[in-house]
Amino acid sequence: MTMTAGMAGGTAETAGGTAETAGEAADQVARRRWLAVLARADRGRLQAALDDLPGGRAGVLAGAVALRRPETGLAMVRGRAGGAGARFNLGEMTVSRAVVRLKDGEAGVGYVAGRDRVKAELVAVLDALLQTGSHGPQLMRDLVEPLAAEQAAARALASRKAAASRVEFFTMVRGE
């Protein structure tokens, strides 16, 4: 099975004008952001977040339907020469994915690197919950925002460590 790593979906053209389209685009950007944060998060943190919701994990999952059971496959990773040049296929990586629908009708997707099918399902459930008015704001405040801050701090630390070990190479021109 071959899967693509990106989310499908584009901006819908409507007769109502660009305000609706801009709102949909903003929602897509926010959703991509929280999906990226959740995919990089530790599985234990995701499970704890579901347990902390009113009704707990059992209450949230009551009536939920797996539209696509968790499965593992491969995704082609693409790169760009020099960061902005021509695209090339870097290689394949293992990806797990799941799709769920809550009893309220919200559907969520979960794509995670590796073979952790449980984590893919947790990401899908949290994605669906983040789209609801009842759980979304609480999950953004208590889970997504702190995780995003921790991930940004870890990236900044890794960048500082890499910059500290940077080596400058130069050549000397001989005076001939």
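This structure is a prediction, so every number in the text was calculated from the model and none was measured. The figures here come from the full heavy-atom set of this structure, side chains too, leaving out hydrogens, waters and symmetry mates.
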Enquirer: Please round to the nearest 0.5 Å and tell me the distance separating atom CG of Leu46 and atom CG of Leu126.
Expert: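 These two atoms lie 5.5 Å from each other.
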
Enquirer: Apply side chain to side chain contact (heavy atoms under 4.5 Å, CB included) to the pair Leu122 and Asp116, showing each step before the final yes or no.
Expert: CA-CA 10 Å; Leu122 288 169; Asp116 194 344; over 6 Å; no

Enquirer: Any heavy-atom pair between the side chains of Lys103 and Val65 that's under 4.5 Å?
Expert: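 No. Closest side-chain heavy atoms not under 4.5 Å.
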
Enquirer: Tell me whether Val29 shares a hydrophobic cluster with Leu35, the cluster being built from Ile, Leu, Val, Met, Phe, Trp, Tyr side chains joined at under 4.5 Å.
Expert: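 Different clusters.
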
Enquirer: Please step through salt bridge (Lys or Arg N to Asp or Glu O under 4.0 Å) for the pair Arg43 and Glu121, ending with a clear verdict.
Expert: CA-CA 10 Å; Arg43 180 166 83 170; Glu121 193 168 35; over 6 Å; no

Enquirer: Say you draw a straight line from OG of Ser165 to CZ of Arg160; how long is it, rounded to the nearest 0.5 Å?
Expert: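 So the gap between those two atoms works out to 13.5 Å.
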
Enquirer: Between Thr132 and Pro137, what is the shortest heavy-atom contact and its length?
Expert: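 Looking at all heavy atoms of both residues, the shortest contact is O-CD, 4.0 Å.
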
Enquirer: Nearest 0.5 Å please: distance from the CZ atom of Arg31 over to the CD atom of Gln131.
Expert: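 The distance works out to 4.0 Å.
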
Enquirer: Residues in salt bridge (charged side-chain N to carboxylate O under 4.0 Å, His left out) with Arg45, at least two apart?
Expert: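 Residues passing salt bridge (charged side-chain N to carboxylate O under 4.0 Å, His left out) with Arg45: Glu150.
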
Enquirer: Is there a side-chain contact between Asp127 and Trp34 (heavy atoms, below 4.5 Å)?
Expert: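 With C-beta onward as the side chain, the pair touches.
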
Enquirer: Is it true that Leu147 and Leu157 fall in one hydrophobic cluster, defined by side-chain heavy atoms closer than 4.5 Å?
Expert: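 The answer is no; the residues belong to distinct hydrophobic clusters.
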
Enquirer: With side chains defined as the heavy atoms from C-beta onward, is the minimum distance between Val100 and Leu67 less than 4.5 Å?
Expert: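 With C-beta onward as the side chain, the pair stays apart.
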
Enquirer: More than 12 foreign heavy atoms under 6.0 Å from CZ of Arg40: is that the case here?
Expert: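 Yes - once you tally the heavy atoms of other residues, nucleotides and ligands closer than 6.0 Å, there are more than 12.
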
Enquirer: Please determine which of Leu139, Val125, Leu143 meets the side chain to side chain contact (heavy atoms under 4.5 Å, CB included) test together with Leu130.
Expert: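 For Leu130, the side chain to side chain contact (heavy atoms under 4.5 Å, CB included) test succeeds with only one of Leu139, Val125, Leu143, which is Leu139.
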
Enquirer: Ion pair present between Arg97 and Glu71, side-chain N to carboxylate O less than 4.0 angstrom?
Expert: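 So Arg97 pairs with Glu71 through a salt bridge.
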
Enquirer: Measure across Ala39 and Tyr111 and return the closest heavy-atom pair with its distance rounded to 0.1 Å.
Expert: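 That closest heavy-atom pairing would be CB-O, 3.4 Å.
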
Enquirer: Given Arg57 and Asp52, is the side chain to side chain contact (heavy atoms under 4.5 Å, CB included) satisfied, shown in steps?
Expert: CA-CA 8 Å; Arg57 190 182 326 184; Asp52 291 344; over 6 Å; no

Enquirer: Does a sphere of radius 6.0 Å around CZ in Arg80 hold more than 12 heavy atoms from other residues, nucleotides or ligands, not counting ones at 6.0 Å or beyond?
Expert: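 Yes.
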
Enquirer: Do Glu106 and Leu129 make a side-chain contact, defined as non-hydrogen atoms from C-beta onward lying under 4.5 Å apart?
Expert: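 No, side chains not in contact.
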
Enquirer: Work out which heavy atom in Pro54 is nearest to a heavy atom in Gln138; give both atom names and the distance.
Expert: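 Nearest heavy atoms, Pro54 then Gln138: CD-OE1, 4.0 Å.
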
Enquirer: At their closest point, which heavy atom of Gly114 faces which heavy atom of Ser96, and how far apart are they?
Expert: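 Taking Gly114 first and Ser96 second, the nearest heavy atoms are O-OG, 2.8 Å.
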
Enquirer: Over all heavy atoms of both residues, which pair between Val37 and Val144 is shortest? Give the atoms and the distance, please.
Expert: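 Scanning both residues, the minimum pair turns out to be CG1-O, 3.8 Å.
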
Enquirer: Could you check whether any side-chain N or O of Lys119 sits under 3.5 Å from a backbone N or O of Ala41, counting only pairs where one atom can act as donor and the other as acceptor?
Expert: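 Yes; judged by distance alone, with no hydrogens or angles, the pair exists.
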
Enquirer: Closer than 3.5 angstrom, by distance alone: can the side chain of Asn89 be matched with the main-chain N or O of Gly91 as a donor-acceptor pair?
Expert: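 Pair absent, no side-chain N/O of Asn89 close to backbone of Gly91.
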
Enquirer: If every non-hydrogen atom of Ala107 is compared with every non-hydrogen atom of Ala128, which pair is closest and at what distance?
Expert: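 Smallest heavy-atom distance, with atoms named: C-CB, 3.9 Å.
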
Enquirer: Go through Thr94 and Leu74 one step at a time and tell me if the side chain to side chain contact (heavy atoms under 4.5 Å, CB included) criterion holds.
Expert: CA-CA 5 Å; Thr94 307; Leu74 296 173; 4.1 Å; yes

Enquirer: Heavy-atom count check: over 12 atoms from other residues, nucleotides or ligands less than 6.0 Å from Arg155 CZ?
Expert: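 Above 12, so yes.
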
Enquirer: Starting from the C-alpha separation in whole Å, work towards a yes-or-no answer on side chain to side chain contact (heavy atoms under 4.5 Å, CB included) for Arg117 and Thr72.
Expert: CA-CA 7 Å; Arg117 294 177 182 181; Thr72 301; 3.2 Å; yes

